[in-house]
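Proteins come first, then strands; the chains are lettered A, B, ... in the order of their sequence lines, and each starts at number 1. The structure presented is a predicted model; accordingly, all values stated were derived computationally and were not measured.
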There are 2 protein chains.
Amino acid sequence: MSPRKSAHDELTKEAIISVARDLFVKEGYSSASMRKIADTLQCSHGAIYYHFKNKAQLFYEIVEADFQKLDQVLDSVLGESADTNEQKLFSIFYRYIQFGLTHQKHYELMFLIHDDDVKSYLNEGPNKSYMHFAQAINSLAPRSLSIKDIWSVFLSLHGFVTHYCRSETTFEEVKELASSHAQFLIKAIF
Amino acid sequence: MSPRKSAHDELTKEAIISVARDLFVKEGYSSASMRKIADTLQCSHGAIYYHFKNKAQLFYEIVEADFQKLDQVLDSVLGESADTNEQKLFSIFYRYIQFGLTHQKHYELMFLIHDDDVKSYLNEGPNKSYMHFAQAINSLAPRSLSIKDIWSVFLSLHGFVTHYCRSETTFEEVKELASSHAQFLIKAIF
DNA sequence: AATCTTATTGACCAGTGTTCAATAATGAAA
DNA sequence: TTTCATTATTGAACACTGGTCAATAAGATT
């Protein structure tokens with residue numbers, strides 16, 4: 001029994017986050033328990049509560065970082081040089097799906113978790129990411145799109161990712177379908 | 001302590017289902033506990049396990065009856081007399097969303113639940129429902145749609161429902177958005 | 001050296017799904 | 001009517017969960 005660790009292996013937020021992310025991704029939100037996280041960190045579960053208010057907040061901080069990754073994906077597409085706006089739009093749609101399906105557990109954590117505790121925390125993360133997305137679409141669209149149309153595009157992409165997340169299909173397995181779904185949405189707005 | 005109730009108030013599957021359905025709808029799958037259900041029924045939580053193998057199975061049986069309601073909704077739209085095929089298509093899209101958002105817990109079970117216990121109980125359900133949907137769309141579409149396009153339409157509707165299920169928004173709150181989303185999809189296939 | 005601050009522990013609480021021996025009510029056979 | 005197997009119910013027990021907190025030891029400050 002030693003109520004405090006020696007300096008060189010003190011617990012850090014970063015260490016907790018790193019371990020917790022792996023466990024959340026591997027087991028999902030509810031199955032990844034604070035005690036399991038603590039075991040992996042070789043500390044007591046109580047210690048985590050010194051660094052994070054509760055499980056939902058720990059989760060939230062992880063997901064927040066993931067949203068920033070999604071933003072980066074969109075930015076990189078916008079930065080790329082493509083021949084036409086249509087090609088860029090296609091690229092955004094396609095890469096959004098690719099991101100969702102190659103980071104399925106992350107996507108799940110970001111958009112699909114259905115937990116009351118978590119839900120109260122998760123509001124501006126998705127919103128900010130969406131605003132990013134909407135602005136990109138709007139700047140590339142051939143005609144002035146209504147806000148509702150952009151929202152429809154997003155929800156349609158979201159539906160694709162959601163469906164294949166649930167059946168745990170890899171992006172490789174559905175890349176042709178992803179391509180045709182992206183094309184379908186282009187058709188709707190051009 | 002009386003290890004068995006007298007005949008007139010014996011527990012029945014129907015009584016359990018009725019109480020459990022209310023609680024599942026009110027509190028969601030994980031928060032509605034077997035003990036709460038038992039309390040409302042004024043029996044012990046152990047008794048429920050005599051009638052149902054486990055919580056997941058109880059939930060599944062509750063919703064099984066409603067599982068075919070979606071098919072019924074589609075059938076009733078097809079049976080209705082509408083002026084144009086476009087109107088009928090719109091109706092199908094709109095009513096699909098309406099169904100999903102007015103039976104959120106059921107929709108969640110059918111398409112979104114990630115719980116391993118629950119998932120093993122339902123696999124062919126969604127598939128059968130989709131085949132029904134696809135056939136309806138195909139018979140009403142103005143031009144011969146590719147299978148991929150129909151699939152895209154479905155996923156796009158699914159995305160709408162999924163999103164608002166997660167935030168527990170009522171259908172009433174988003175019916176205008178539902179309408180414009182349906183219109184958006186009509187635009188993509190006409 | 002004494003004191004203050006900080007990080008950690010682990011006992012504890014109330015809750016969860018699930019199992020199961022014990023047992024009482026029921027219905028059928030003797 | 002009495003025996004007896006079947007059936008339905010209980011509640012204790014188990015192994016978990018997220019969360020709280022007094023006790024305490026390591027590090028920092030004076």
Starting from [atom2] on [N], measure out to [atom1] on [X] and report it in whole angstrom.
X: B:Tyr49; N: C:dA21; atom1: OH; atom2: C1'; value: 18 Å
X: B:Asn54; N: C:dT16; atom1: CG; atom2: P; value: 17 Å
X: B:Leu41; N: D:dT9; atom1: CG; atom2: P; value: 10 Å
X: B:Leu11; N: D:dT7; atom1: CG; atom2: P; value: 17 Å
X: A:Glu27; N: D:dC16; atom1: CD; atom2: P; value: 13 Å
X: A:Ile48; N: D:dG19; atom1: CD1; atom2: P; value: 11 Å

Answer yes or no: does a side-chain N or O of A:His51 lie under 4.0 Å from OP1 or OP2 of C:dT8? yes
Has the side chain of B:His45 got a donor or acceptor atom sitting under 3.5 Å from an opposite partner on the base of D:dG11? no
Applying salt bridge (charged side-chain N to carboxylate O under 4.0 Å, His left out), name anything that partners B:Glu80, two or more places apart in sequence or on another chain. B:Arg95
With ring centroids as reference points, do B:Phe171 and B:His103 lie under 6.0 angstrom apart? no
Among pairs that include at least one residue of residues 25-39 of chain A, which meet salt bridge (Lys or Arg N to Asp or Glu O under 4.0 Å), considering only residues two or more places apart or in two chains? A:Glu27-A:Lys36
Only pairs at least two apart or in different chains count here, so list each salt bridge (Lys or Arg N to Asp or Glu O under 4.0 Å) that has a residue in residues 129-152 of chain B. A:Lys187-B:Asp149
Does A:Lys55 make a cation-pi contact with A:Tyr29 (under 6.0 Å, within 45 degrees of the axis)? yes
Does the distance from a Lys or Arg side-chain N to an Asp or Glu carboxylate O, for A:Lys128 and A:Asp71, drop under 4.0 Å? no
Mapping A:Gln42 and B:Lys55 to their closest nucleotides on DNA chain C, which lands nearer the 5' end? A:Gln42
Using a cut-off of under 3.5 Å, enumerate the N/O to N/O pairs linking the protein to nucleotides 27-30 of chain D.
residue, atom, partner, partner atom, Å
D:dG27, OP1, A:Ala7, N, 2.9

Taking only the side-chain heavy atoms of B:Pro3 (C-beta and beyond), determine which of C:dT8, D:dT9, D:dA13 contains the nearest atom. D:dT9
Please list, by residue number, the residues of residues 31-40 of chain A whose heavy atoms come closer than 4.0 Å to an atom of DNA chain C; answer none if no residue qualifies. A:Arg35
Out of the candidates A:Leu155, A:Leu185, A:Ile150, only one should pair with B:Phe184 under the side-chain contact (heavy atoms from CB on, under 4.5 Å) rule; please name it. A:Leu185
Residues that B:Asn138 engages under side chain to side chain donor-acceptor pair (under 3.5 Å), provided they are two or more places apart: none
Do A:Val174 and A:Ile97 come close enough that some side-chain heavy atom pair is under 4.5 Å? no
